[in-house]
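Written below as structure tokens is the structure these notes are about.
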Amino acid sequence: MSTDPKTQIALMEKIVSLCKRRGFIFQSSEIYGGCGGVWDYGPLGAELKRNLRTAWWNTMTREREDVLGLDASILMNPAIWKASGHVDTFADLMRECSLTNKRVRADHVDPQSGTVLKYSGAQSPTGWRWDRPITALTKSGEHIESFRKRIRALIAQNAGESAGKPEEIELLNEEKIDTVNGSVDFHPETGGMLGEARPFNLMLKTYLGPTATEADVTYLRPETAQAIFAQFKNVFDSSRVKVPFGICQIGKAFRNEVTPKNFTFRSREFEQMELEFFIKPDEAVEIICGEVAAWKEGADLSEPQPNWGWELWHRYWVDQRTKFYHGIGLGEVLEYYWQTNEDLAHYARACVDILCQFPFGTEELEGIAARGDFDLSAHQSASTKSQEIFDEELKTAAAKLSEEQKEALIQKRLAAEAAKTKGEPLTEAAVRAWFERLFKGSYVPHVIEPSAGLDRMALAVIAKAFEETEKVDEKGKKEIITVLHLHPRVAPIKVGVFPLLKNKPELVAKAREVYALLKKHMNVFYDETASIGRRYARQDEVGTPFGITIDFETCGEKGPELRDTVTLRHRDSGEQERVKIRDLLPKLLAAVS
RNA sequence: GCGGGUGUAGCUCAGUGGUAGAGCGCAACCUUGCCAAGGUUGAUGUCGCGCGUUCAAAUCGCGUCACCCGCUCCA
């Protein structure tokens with residue numbers, strides 16, 4: 001994939017254009033001028049998405065014994081969003097730098113001192129001009145010329161190419177207006193004056209109930225995960241499962257993104273596929289198994305083991321999810337980013353981002369986080385409903401421990417708490433209380449959370465599959481050939497069925513027969529118009545992996561041994577093979593599932 | 001939200017004050033013995049939307065909406 005930005009933007013535009021032209025993705029409400037940050041999936045997009053959704057659902061729950069499905073509602077009691085922290089972190093008061101429009105949290109502005117300078121505007125020899133007043137702070141000790149240079153650079157950066165070179169920008173009517181001490185009204189990096197504090201709530205607010213008063217305010221869920229936590233106990237109590245086990249869910253989530261962008265990559269309404277996989281705390285594993293298995297490079301992750309702690313479970317899910325991506329054709333374009341201690345939220349032990357190369361850059365497809373017991377504990381304390389589970393095996397094992405062994409476990413944990421670099425360490429009393437519950441077999445499970453975005457997965461699959469080549473025919477005429485190399489498992493149409501010629505009734509009749517035979521089992525497209533080459537090309541463009549042509553051999557014209565055989569064409573190689581009609585279904589089913 | 005750019009047929013785009021166009025695609029018919037063949041015919045646009053200037057606006061001005069790029073954020 002080229003890395004030149006212009007080529008990449010052009011590539012993205014071609015993909016958007018193909019998506020519209022062939023019915024993958026449309027702009028929402030297009031006839032009314034669109035609607036910001038939301039997209040509709042057309043006939044082929046709906047099939048593609050459905051295939052991805054099904055692939056995920058099958059690998060995550062139906063093919064496993066230890067994961068259960070859930071389908072929770074989008075609207076929930078708003079208390080959930082307070083407990084989860086979304087109301088706080090998603091509704092910050094933000095202030096904007098008047099110079100660069102960079103936003104900072106209103107409560108995160110460090111006090112600064114210096115001289116306040118004001119300009120009436122700026123202009124450059126290119127004819128560009130900016131008429132709004134510019135107010136900025138010279139930091140204490142900053143030389144006036146270096147200040148002016150800095151302001152010109154910031155303006156140039158913000159204005160783009162039209163302003164020309166930064167050094168040629170002229171700042172108009174410099175005026176010293178004030179000297180400030182410990183002011184929080186200037187951007188800590190740029191020095192630009194900050195605007196009014198405004199709430200930037202990323203959650204979509206709505207009213208539940210017809211009266212629409214403030215008391216009825218709730219939110220469209222900004223993620224699907226919280227419903228899993230909120231229903232954790234119900235699923236656990238109704239399903240006869242034991243930890244470790246998981247609950248997965250696919251569903252819509254909503255965020256009032258400030259800047260939706262990159263086509264469907266960041267939209268305001270999107271579909272998530274999330275798993276919360278609940279595991280025993282490491283201390284419980286240690287009590288039961290005598291030790292917690294340590295992860296090392298090359299560890300066998302194929303089969304979960306009883307002595308796995310959070311680290312191996314986390315690695316296991318990264319491995320599982322990687323295999324999934326290989327299975328839908330995204331294997332070669334994946335990258336991984338292991339969050340550093342600074343990136344991580346205070347409650348998280350580890351988080352790896354699975355990234356994928358898109359034309360607009362390498363961006364996140366899925367995050368896999370080890371979140372400890374943060375979420376369930378938060379809901380336990382906010383709802384005052386216990387989220388603990390009882391573990392018979394743990395109780396039995398703990399009963400066999402001596403008091404010294406128990407104390408050693410407690411001391412080990414106390415040492416770990418003391419060594420914490422983030423968040424508040426637990427008090428000794430809290431640690432002892434927690435162990436007391438643990439020795440009785442009760443704990444709040446810890447969680448590993450693989451969280452994927454379906455829409456960006458669909459976009460990744462399309463972008464990866466997109467290929468454009470130039471072809472010159474015998475007459476020297478250039479043509480652009482577009483092929484979507486979609487994995488057969490996700491392709492919206494699995495096979496195209498074509499009579500070689502449409503004016504030969506026997507070919508058409510046979511083709512309709514083959515079409516009917518396959519249609520019950522997979523999405524098949526029948527096409528008899530135009531030349532056979534064009535029909536192949538139309539299907540190549542939407543990623544159909546197979547084409548079946550009914551020709552004169554099928555009707556027995558070239559000898560009885562070829563009767564009831566068809567041409568099976570493979571999209572990527574262009575190769576054709578002769579296949580008996582009765583062998584088609586098993587052969588195709590094997591390839592597309 | 002701010003700055004820059006863009007908006008004309010399904011797609012890509014031309015048209016810069018005076019009768020809305022091209023290529024490709026699409027539909028029908030004819031033709032066609034395997035990779036976008038050919039022929040004939042046809043459909044599709046109150047030029048993103050609104051207001052204004054003008055005898056006259058796709059074209060000029062203002063506003064607005066959407067998309068793209070940057071700042072920001074993240075599934």
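Each chain gets a letter, A, B and so on, in the order its sequence line appears, and its residues count up from 1. The analysis underlying the following values was restricted to heavy atoms, covering all of them including side chains, and did not include hydrogens, waters or symmetry mates.
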Could you please name the option among [options] that lies closest to any side-chain atom of [X]?
{"X": "A/Thr567", "options": "B/C69, B/C34, B/A75", "result": "B/C34"}
{"X": "A/Lys471", "options": "B/C35, B/C74, B/C34", "result": "B/C35"}
{"X": "A/Ile9", "options": "B/C11, B/C34, B/C68", "result": "B/C68"}
{"X": "A/Trp39", "options": "B/G33, B/C11, B/C67", "result": "B/C67"}
{"X": "A/Lys558", "options": "B/G33, B/A37, B/A75", "result": "B/G33"}
{"X": "A/Ala537", "options": "B/A36, B/A75, B/G10", "result": "B/A36"}
{"X": "A/Thr549", "options": "B/C34, B/G70, B/A75", "result": "B/C34"}

Please report, rounded to the nearest Å, how far the [atom2] atom of [N] is from the [atom1] atom of [X].
{"X": "A/Leu568", "N": "B/C35", "atom1": "CG", "atom2": "C1'", "value": "15 Å"}
{"X": "A/Leu501", "N": "B/G38", "atom1": "CG", "atom2": "C1'", "value": "14 Å"}
{"X": "A/Lys261", "N": "B/G5", "atom1": "NZ", "atom2": "C1'", "value": "15 Å"}

Which residues pass the side chain to side chain contact (heavy atoms under 4.5 Å, CB included) test with [X], sequence neighbours left out?
{"X": "A/Val16", "answer": "A/Met12, A/Phe263"}
{"X": "A/Phe466", "answer": "A/Leu11, A/Lys14, A/Ile15, A/Leu18, A/Glu468, A/Thr482, A/Leu484"}
{"X": "A/Asp572", "answer": "A/His485"}
{"X": "A/Glu577", "answer": "A/Leu568, A/His570, A/Val579, A/Lys587"}

Review point. When you measure from every atom of RNA chain B, which of residues 23-33 of chain A have a heavy atom less than 4.0 Å away?
Key: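 Of all residues in residues 23-33 of chain A, the ones placing a heavy atom under 4.0 Å from RNA chain B are A/Gln27, A/Gly33.
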Review point. For residues A/Glu274 and A/Thr224, is any side-chain donor paired with an opposing acceptor at under 3.5 Å?
Key: yes
Taking N or O atoms only and anything under 3.5 Å, show me the protein contacts with nucleotides 20-23 of chain B, one pair per line.
none

Distance, [atom1] atom - from [M] to [N], rounded to whole angstrom:
{"N": "B/G42", "M": "B/A9", "atom1": "C1'", "value": "14 Å"}
{"N": "B/U8", "M": "B/C71", "atom1": "C1'", "value": "32 Å"}
{"N": "B/U72", "M": "B/G1", "atom1": "C1'", "value": "10 Å"}
{"N": "B/A43", "M": "B/G38", "atom1": "P", "value": "22 Å"}
{"N": "B/A14", "M": "B/G7", "atom1": "C1'", "value": "15 Å"}
{"N": "B/U53", "M": "B/G63", "atom1": "C1'", "value": "15 Å"}
{"N": "B/G17", "M": "B/A56", "atom1": "C1'", "value": "8 Å"}
{"N": "B/G15", "M": "B/G70", "atom1": "P", "value": "27 Å"}

Taking distance alone, no hydrogens or angles, what donor-acceptor pairs closer than 3.5 Å link side-chain atoms of residues 546-556 of chain A to residues at least two apart or in another chain?
from, atom 1, to, atom 2, distance (Å)
A/Thr549, OG1, A/Tyr536, OH, 2.6
A/Asp551, OD1, A/Glu553, N, 3.3
A/Asp551, OD1, A/Thr554, N, 3.3
A/Asp551, OD1, A/Thr554, OG1, 3.1
A/Asp551, OD1, A/Arg578, NH2, 3.0
A/Asp551, OD2, A/Thr567, OG1, 3.2
A/Asp551, OD2, A/Arg578, NH1, 3.0
A/Thr554, OG1, A/Asp551, N, 3.0
A/Thr554, OG1, A/Asp551, O, 3.2
A/Thr554, OG1, A/Thr565, O, 2.9

Check your understanding: Does A/Asn262 have a side-chain nitrogen or oxygen under 4.0 Å from the phosphate oxygens OP1 or OP2 of B/C67?
Key ->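 For B/C67, OP1/OP2 do not have a side-chain N/O of A/Asn262 under 4.0 Å.
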Review point. Is any side-chain N or O of A/Ser451 closer than 4.0 Å to OP1 or OP2 of B/A75?
Key: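 Answer no for this pair, as no side-chain N or O of A/Ser451 is under 4.0 Å from OP1 or OP2.
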Give one of base, sugar-phosphate or nothing for [X], where a contact means two heavy atoms less than 4.0 Å apart.
{"X": "A/Glu553", "answer": "base"}
{"X": "A/Gln576", "answer": "base"}
{"X": "A/Ser17", "answer": "sugar-phosphate"}
{"X": "A/Ser573", "answer": "nothing"}
{"X": "A/Glu257", "answer": "base"}
{"X": "A/Leu18", "answer": "nothing"}
{"X": "A/Ile480", "answer": "base"}
{"X": "A/Gly574", "answer": "base"}
{"X": "A/Gln539", "answer": "nothing"}
{"X": "A/Gly42", "answer": "nothing"}

So what's [N] paired with, Watson-Crick or G-U wobble, going by both distances under 3.5 Å?
{"N": "B/G10", "answer": "B/C24"}
{"N": "B/U32", "answer": "none"}
{"N": "B/C71", "answer": "B/G1"}
{"N": "B/U46", "answer": "none"}

For nucleotides 25-29 of chain B, print each protein N/O atom paired with a nucleotide N/O atom at under 3.5 Å, atom names and distance only.
from, atom 1, to, atom 2, distance (Å)
B/G25, OP1, A/Arg534, NH1, 3.0
B/G25, OP1, A/Arg534, NH2, 2.9
B/C26, OP1, A/Arg538, NE, 2.9
B/C26, OP1, A/Arg538, NH2, 3.1
B/C26, OP2, A/Arg534, NH1, 3.2

Practice item. Would you mind listing every salt bridge (Lys or Arg N to Asp or Glu O under 4.0 Å) that reaches into residues 353-367 of chain A, with sequence neighbours excluded? Key: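 Listed by first then second residue: A/Arg321-A/Glu366.
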Check your understanding: Do any pairs count as a salt bridge (Lys or Arg N to Asp or Glu O under 4.0 Å) and have a residue in residues 258-269 of chain A, sequence neighbours left out, and if so which ones?
Key ->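 Non-adjacent pairs meeting salt bridge (Lys or Arg N to Asp or Glu O under 4.0 Å): A/Lys252-A/Glu269.
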Point to revise | Distance under 6.0 Å and angle within 45° of ring axis: A/Lys205 vs A/Tyr219 | key: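 Output no; distance or angle outside limits.
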Practice item. Kindly state each residue pair satisfying side chain to side chain donor-acceptor pair (under 3.5 Å) with at least one member in residues 495-509 of chain A, sequence neighbours excluded. Key: none
Point to revise | Under-3.5 Å donor-acceptor pair between A/Arg266 side chain and B/C73 base | key: yes
Exercise for review: Could you label the plane-to-plane angle of the A/Tyr515 and A/Tyr526 rings as parallel, tilted or perpendicular, counting under 30° as parallel and over 60° as perpendicular?
Suggested key: tilted
**Study point:** Residues which pass salt bridge (Lys or Arg N to Asp or Glu O under 4.0 Å) with A/Lys323, listed by chain and number, not counting sequence neighbours
**Key:** A/Asp319
Check your understanding: Taking everything shown except A/Glu561 itself, do over 12 heavy atoms lie less than 6.0 Å from its CD?
Key -> yes
Check your understanding: Between A/Tyr536 and B/A36, do the rings stack, that is, sit under 5.5 Å apart with planes less than 30° off each other?
Key ->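 A stacking contact does not exist, since A/Tyr536 is not both close and nearly parallel to the base ring of B/A36.
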